[in-house]
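The next block holds one structure in the form of structure tokens; read it before the comments.
Reckoned from all heavy atoms, side chains included, excluding hydrogens, waters and symmetry mates.
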Amino acid sequence: MRTLLIRGADCIATQDAALGELRGASVLVRGHRIEAIGPADALPQEADEVIDARGHIVVPGLVNTHHHMYQSLTRAIPGVQDAELFAWLRGLYPIWAGLTPEMVRVSTQVAMAELLLGGCTTSSDHLYIYPNGVRLDDSIEAAAQIGMRFTASRGSMSVGQSQGGLPPDSVVEREDAILRDSLRLIESFHDASHGAMTQVALAPCSPFSVSRDLMRESAALARAHGVRLHTHLAENDHDVAYSQAKFGCTPAQYAQELGWLGHDVWHAHCVKLDDEGIFLFAASRTGVAHCPCSNMRLASGIAPVRRMLDAGVPVGLGVDGSASNDGAQLLAEARQALLLARVARALQPPETDPTGRTFFGCDLGPAQMTARDALALATRGGAQVLGRSDIGHLAPGMCADMALYDLRTAAMAGAAVHDPVGALMLCASPQAAWTIVNGRAVVREGRLATLDLPPLLERHNRLAIVLAEAARSAH
């Protein structure tokens with residue numbers, strides 16, 4: 001079997017159970033799995049391929065738990081740049097109605113290229129709109145070509161405006177067709193084995209775009225076939241108000257009623273998850289995809305991530321759709337999660353001691369989130385949320401998914417010499433020098449190795465113009 005040696009890294013942040021960090025260490029890969037990690041002089045010095053990791057930090061491949069990759073075609077599009085969630089969606093649904101299979105394939109590869117170049121090795125994608133012959137197969141084929149580990153989420157919308165939903169009727173599907181296609185995708189593509197490159201999840205879009213019946217039937221279908229469940233929940237105040245007006249309960253209570261709590265479920269955003277919701281999620285081990293940049297971009301608020309983690313809720317990171325972020329760099333998302341958690345702490349009332357005296361301008365104790373907490377969200381946390389025990393940390397037997405970052409840059413000067421992990425999280429987020437997926441280098445010395453990127457970007461930009469112009473012509 002082919003071997004790969006990552007030799008002599010300044011730091012390896014294993015993200016194992018002890019969050020161990022090794023200095024002057026190497027990683028030996030055989031085939032698709034890690035064979036050994038340890039001091040550089042204790043491991044072999046040669047392999048079929050050797051990457052000189054001096055001056056670099058090695059981390060587990062980052063894990064992205066929420067994305068809408070087709071939205072790369074509508075980044076920063078005029079008309080919705082300053083909108084909150086519902087107005088943003090209403091402005092974009094008519095544009096997305098023009099999506100074609102080619103647009104989905106190309107935008108998926110562009111989104112994945114951006115993720116891979118940033119050190120992300122595993123991503124989910126939530127494709128919930130299927131006009132003009134679009135199928136989830138288009139995304140799955142694109143992922144296989146570019147070499148990314150992929151959780152393909154079969155999204156859906158079935159309740160249009162005429163039935164009280166948010167999306168226009170033109171972009172919703174029949175529920176029997178959604179369930180048939182969901183079963184087809186599970187049987188055709190889902191791989192439950194160790195090291196699987198493709199898995200399928202079922203993902204009705206949101207409380208304001210699908211029915212209770214579709215939520216229940218999707219959950220039953222997923223559990224009958226051992227696949228995961230995903231949706232949006234409690235994203236902003238309007239989302240909560242819709243659930244209360246339409247269903248007479250909070251979003252978390254709605255999820256509980258429909259069987260959408262459990263270790264096989266993860267919800268995106270959860271910005272407005274209340275104390276009862278956090279308790280329900282923790283008790284059932286229901287996961288959360290925290291999307292800090294998107295939550296700020298759409299003015300949704302600050303998710304109570306520290307309270308979730310302290311309660312025992314599994315939390316990972318998501319870049320969310322590229323039209324609501326408008327970037328897809330998971331390391332930057334981890335940095336933003338760290339900073340936003342500290343802002344959330346600063347917004348809390350001043351602390352008091354047992355006598356009632358208020359403390360101002362003094363140390364209030366541990367930070368809401370540390371650099372190592374943030375890296376854990378981007379690696380171990382994401383793997384847990386996606387139900388993967390074979391990725392997310394570096395240890396013998398694990399999938400050989402890694403990202404290497406150069407510590408010798410101007411952005412890291414004066415930081416990496418003190419603390420490489422702190423530098424990675426607190427300094428400007430770098431691109432990856434190397435990204436390894438399943439033992440294969442898909443990014444080499446900062447360049448995508450699996451596809452010719454310039455022609456792909458050129459085609460993507462042409463399609464973005466076609467999509468936007470078609471929507472303008474229709475109105």
Side-chain angles (χ1 to χ4, degrees), residues 59-75 104-127 138-153 197-199 201 230 268 289-294 297 316-337 374-375 377-379 381-383 385-386 388 391-392 399-405 424 429-438 440-453 456-457 460:
V59 304
L62 309 181
V63 181
N64 177 35
T65 63
H66 186 63
H67 207 329
H68 307 292
M69 294 183 179
Y70 71 88
Q71 291 181 14
S72 298
L73 295 159
T74 51
R75 282 175 160 172
V104 169
R105 286 192 297 271
V106 171
S107 60
T108 297
Q109 290 191 335
V110 167
M112 288 184 168
E114 186 176 8
L115 289 167
L116 290 166
L117 288 164
C120 180
T121 56
T122 298
S123 183
S124 65
D125 184 47
H126 189 185
L127 180 61
D138 302 317
S139 298
I140 293 170
E141 291 162 7
Q145 289 173 354
I146 202 168
M148 176 160 251
R149 202 178 297 279
F150 190 37
T151 297
S153 298
M197 288 296 291
T198 305
Q199 295 193 333
H230 182 50
H290 176 39
C291 306
C293 288
S294 175
R297 163 76 155 78
L317 294 177
V319 300
D320 200 13
S322 291
S324 66
N325 187 322
D326 295 50
Q329 298 186 28
L330 202 73
L331 198 63
E333 210 72 36
R335 180 176 186 267
Q336 198 65 62
L375 182 58
L377 288 180
T379 53
V385 164
L386 293 185
R388 300 290 299 246
I391 61 172
C399 294
D401 290 7
M402 288 166 277
L404 285 68
Y405 301 93
L424 191 65
S429 300
Q431 294 288 85
W434 295 81
T435 303
I436 313 297
V437 182
N438 217 33
R440 174 192 184 196
V442 296
V443 172
R444 292 176 172 272
E445 298 179 331
R447 298 177 67 88
L448 188 68
T450 51
L451 290 176
D452 189 1
L453 190 55
L456 178 67
L457 297 177
H460 180 271

Are Thr379 and Leu375 close enough, and set up right, to give a side chain to side chain contact (heavy atoms under 4.5 Å, CB included), and what steps lead you there?
-> CA-CA 6 Å; Thr379 53; Leu375 182 58; 4.2 Å; yes
With side chain to side chain donor-acceptor pair (under 3.5 Å) as the test, would you mind laying out the steps for Asn325 and Glu333 before giving the verdict?
-> CA-CA 10 Å; Asn325 187 322; Glu333 210 72 36; 3.1 Å; yes
For Arg105 and Ser139, what are the C-alpha separation, side-chain angles and deciding distance, and is it a side chain to side chain contact (heavy atoms under 4.5 Å, CB included)?
-> CA-CA 6 Å; Arg105 286 192 297 271; Ser139 298; over 6 Å; no
Run the side chain to side chain contact (heavy atoms under 4.5 Å, CB included) check on Phe150 and Met112 step by step: do they pass?
-> CA-CA 10 Å; Phe150 190 37; Met112 288 184 168; 3.5 Å; yes
Could you go step by step and tell me if His68 and Asp320 meet the side chain to side chain contact (heavy atoms under 4.5 Å, CB included) rule?
-> CA-CA 6 Å; His68 307 292; Asp320 200 13; 3.2 Å; yes
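Judged by distance alone, the side chain of Thr450 and the main-chain N or O of Ile146 form a donor-acceptor pair under 3.5 Å. Counting only distance, with no hydrogens or angles, the side chain of Asn64 and the backbone of Val319 share a donor-acceptor pair below 3.5 Å. Between the Ser124 side chain and the Thr65 main chain, a donor and an acceptor come within less than 3.5 Å of each other.
Atom OG of Ser429 and atom CG of Leu424 lie 7.5 Å apart (nearest 0.5 Å). Taking CD of Gln431 as the reference point, atom CZ of Arg447 lies at 13.0 Å (rounded to 0.5 Å). To the nearest 0.5 angstrom, Thr435 atom OG1 is 9.0 Å from Leu448 atom CG. The distance from atom SG of Cys399 to atom CD1 of Ile391, rounded to the nearest 0.5 Å, is 7.0 Å. Interatomic distance, His126 NE2 to Tyr70 OH, rounded to the nearest 0.5 Å: 8.5 Å. Here the CD-CG distance, from Gln71 to Leu127, works out to 10.0 Å after rounding to the nearest 0.5 Å.
Applying the salt bridge (Lys or Arg N to Asp or Glu O under 4.0 Å) criterion to Asp125, with sequence neighbours excluded, gives no partner residue. Partners of His67 according to the side chain to side chain donor-acceptor pair (under 3.5 Å) rule, which considers only residues two or more places apart in sequence or in another chain, do not exist here. Under the rule for a salt bridge (Lys or Arg N to Asp or Glu O under 4.0 Å), Arg335 has no partner lying at least two apart in sequence or in another chain. The salt bridge (Lys or Arg N to Asp or Glu O under 4.0 Å) search around Arg388 returns Asp390, not counting sequence neighbours. Residues satisfying the side chain to side chain donor-acceptor pair (under 3.5 Å) criterion with His230, sequence neighbours excluded, are His66, Trp266.
A donor atom on one side chain and an acceptor atom on the other are found under 3.5 Å apart for Arg149 and Asn438. Ser294 and Ser324 share a donor-acceptor pair across their side chains, judged by distance under 3.5 Å alone.
Scanning both residues, Ala334 and Leu317, for their nearest heavy atoms gives CA-CD1, 3.4 Å. Nearest heavy-atom pair across Thr151 and Ala201 is CG2-CB, 4.2 Å. Counting all heavy atoms, side chain and backbone alike, Gly316 lies closest to Val385 at N-CG2, 3.4 Å.
Under the 4.5 Å side-chain criterion, counting only non-hydrogen atoms from C-beta, Pro60 is not in contact with Met402. Side-chain contact check for Asp138 versus Thr108: every heavy-atom pair is 4.5 Å or farther apart.
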Tabulate below the donor-acceptor pairs under 3.5 Å that side-chain atoms of residues 113-122 make, not counting sequence neighbours, or state none.
from   : atom 1 : to     : atom 2 : distance (Å)
Glu114 : OE1    : Arg75  : NH2    : 2.3
Glu114 : OE2    : Arg75  : NH2    : 3.4
Glu114 : OE2    : Ala328 : N      : 3.1

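Of the residues His460, Gln145, Glu141, the one that meets the side-chain hydrogen bond (donor to acceptor under 3.5 Å, both in side chains) test with Gln109 is Gln145.
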